[in-house]
Amino acid sequence: AYRKLSLSAHPDKEGGSPEAFQELTSHSKVLMEACGWRPGVKRVSKRKPVVPARRSAVAKPAICAEMPEVAKVAMVFFGLSEEDFRGGAAEMKKLRLQLGNLKTQREKEIQRERDPEKLIQMLRAAEGQSEAVAVEASCPAAKDLKQVKDSCNSLCRKHYTSLYAYIQKLK
């Protein structure tokens with residue numbers, strides 16, 4: 001598609017203009033970089049480059065993948081921002097390691113907590129009312145610390161899984 005449009009928009013061709021050609025070229029570069037194409041990189045297949053791509057100094061957003069709402073909630077749960085999800089393969093590897101550490105840290109916080117009310121507040125803040133209401137309905141006094149901790153740990157694993165899957169898509 002780019003080739004056909006570039007032939008019609010080229011300044012040397014009839015009906016072409018330098019501005020239109022420049023705009024077409026810049027849009028093409030943005031899309032190719034976002035989808036993993038790098039100039040001068042020979043590829044054996046569409047997925048694995050033989051020569052490693054050059055690293056840019058500026059982290060580029062992954063415009064090919066929109067962050068799902070579940071991942072946004074999980075991102076807030078672990079205290080991450082959308083800026084953390086920008087960058088190349090090396091940054092994504094660091095983010096996966098950081099996410100694993102954050103999950104372990106959050107699980108330890110949950111295990112150390114002795115007040116079920118604080119854990120229920122964590123459930124409300126992280127998942128909305130549904131999970132916290134379910135815990136309160138199953139134990140009306142909300143004093144069953146083990147059950148509340150299990151729900152919090154389950155939520156932590158759920159958020160970790162959704163973010164890890166999203167990071168894998170960005171690779």
Side-chain angles (χ1 to χ4, degrees), residues 27 29-38 41 43-50 52-171:
H27 288 301
K29 283 181 183 177
V30 168
L31 289 173
M32 286 198 258
E33 286 178 2
C35 294
W37 183 87
R38 303 283 189 265
V41 176
R43 295 176 181 266
V44 175
S45 71
K46 290 185 177 187
R47 292 193 173 249
K48 304 219 179 223
V50 174
R54 293 182 306 225
R55 296 181 193 266
S56 64
V58 178
K60 295 191 174 18
I63 63 171
C64 291
E66 180 66 29
M67 183 176 272
E69 195 61 37
V70 175
K72 288 180 182 178
V73 171
M75 181 182 69
V76 171
F77 180 79
F78 287 112
L80 298 170
S81 69
E82 288 194 36
E83 289 297 316
D84 295 324
F85 292 85
R86 298 173 189 256
E91 288 82 7
M92 291 299 112
K93 184 176 182 179
K94 288 177 187 175
L95 183 61
R96 283 195 310 270
L97 293 172
Q98 180 186 6
L99 182 62
N101 291 336
L102 288 170
K103 175 184 170 268
T104 303
Q105 182 181 17
R106 185 54 74 108
E107 287 173 337
K108 286 179 182 178
E109 288 173 16
I110 292 167
Q111 291 307 317
R112 278 185 291 210
E113 186 60 54
R114 299 285 180 219
D115 184 11
E117 287 302 317
K118 287 186 179 179
L119 292 171
I120 289 174
Q121 286 176 353
M122 179 192 300
L123 286 172
R124 282 189 180 126
E127 187 63 41
Q129 298 296 321
S130 60
E131 184 106 8
V133 169
V135 170
E136 288 174 345
S138 63
C139 62
K143 299 296 181 198
D144 188 6
L145 186 62
K146 183 179 180 339
Q147 184 177 5
V148 176
K149 283 184 178 185
D150 288 345
S151 294
C152 287
N153 280 324
S154 174
L155 178 68
C156 185
R157 283 190 300 273
K158 176 182 156 189
H159 285 325
Y160 171 80
T161 304
S162 66
L163 272 183
Y164 195 89
Y166 178 70
I167 293 170
Q168 289 298 101
K169 281 184 186 177
L170 294 179
K171 277 173 64 174

Peer 1: Quick one: pull up NZ in K118 and CD1 in I110 and give me the separation to the nearest 0.5 Å.
Peer 2: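 Interatomic distance, K118 NZ to I110 CD1, rounded to 0.5 Å: 14.0 Å.
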Peer 1: What are the two closest non-hydrogen atoms of V73 and H159, and how far apart are they?
Peer 2: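 Shortest heavy-atom separation between V73 and H159 comes out as CG1-CE1, 3.7 Å.
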Peer 1: Identify, with sequence neighbours excluded, every residue that meets side chain to side chain donor-acceptor pair (under 3.5 Å) alongside D150.
Peer 2: K146
Peer 1: First locate atom CZ of F77, then atom NZ of K158, and finally report the distance between them rounded to the nearest 0.5 Å.
Peer 2: 10.5 Å
Peer 1: As an exercise, state the distance from CG of D84 to CG of L95, rounded to the nearest 0.5 Å.
Peer 2: 6.0 Å
Peer 1: What pair of heavy atoms forms the shortest contact from C152 to L119, and how long is it?
Peer 2: SG-O, 3.6 Å
Peer 1: For the NZ atom of K72 and the CG atom of L163, what is their distance to the nearest 0.5 Å?
Peer 2: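 Atom-to-atom, K72:NZ and L163:CG are 12.5 Å apart.
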Peer 1: Does a side-chain heavy-atom distance below 4.5 Å link Q105 with L102?
Peer 2: yes
Peer 1: Passes side-chain contact (heavy atoms from CB on, under 4.5 Å), E113 versus V148? Steps please.
Peer 2: CA-CA 10 Å; E113 186 60 54; V148 176; over 6 Å; no
Peer 1: Where is the tightest heavy-atom contact between Y164 and L99, given as atom of each residue plus distance?
Peer 2: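 It is N-CD2, 3.8 Å.
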Peer 1: If we only count heavy atoms from C-beta on, is the L155 to M122 side-chain gap below 4.5 Å?
Peer 2: no
Peer 1: If you take all heavy atoms of V70 and S162, which pair is closest and at what distance?
Peer 2: CG1-CB, 3.7 Å
Peer 1: Please give me the minimum heavy-atom distance between N153 and Q111, naming the atom from each residue.
Peer 2: ND2-NE2, 2.6 Å
Peer 1: Looking only at non-hydrogen atoms, find the nearest pair between C156 and F78 and report the distance.
Peer 2: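 Residues C156 and F78, closest heavy atoms: O-CZ, 3.7 Å.
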Peer 1: Can you tell which of E107, K103, R106 makes a side-chain contact (heavy atoms from CB on, under 4.5 Å) with Y160?
Peer 2: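 Output: one option passes, namely K103.
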Peer 1: Taking C-beta and beyond as the side chain, do R96 and K93 meet within less than 4.5 Å on heavy atoms?
Peer 2: yes
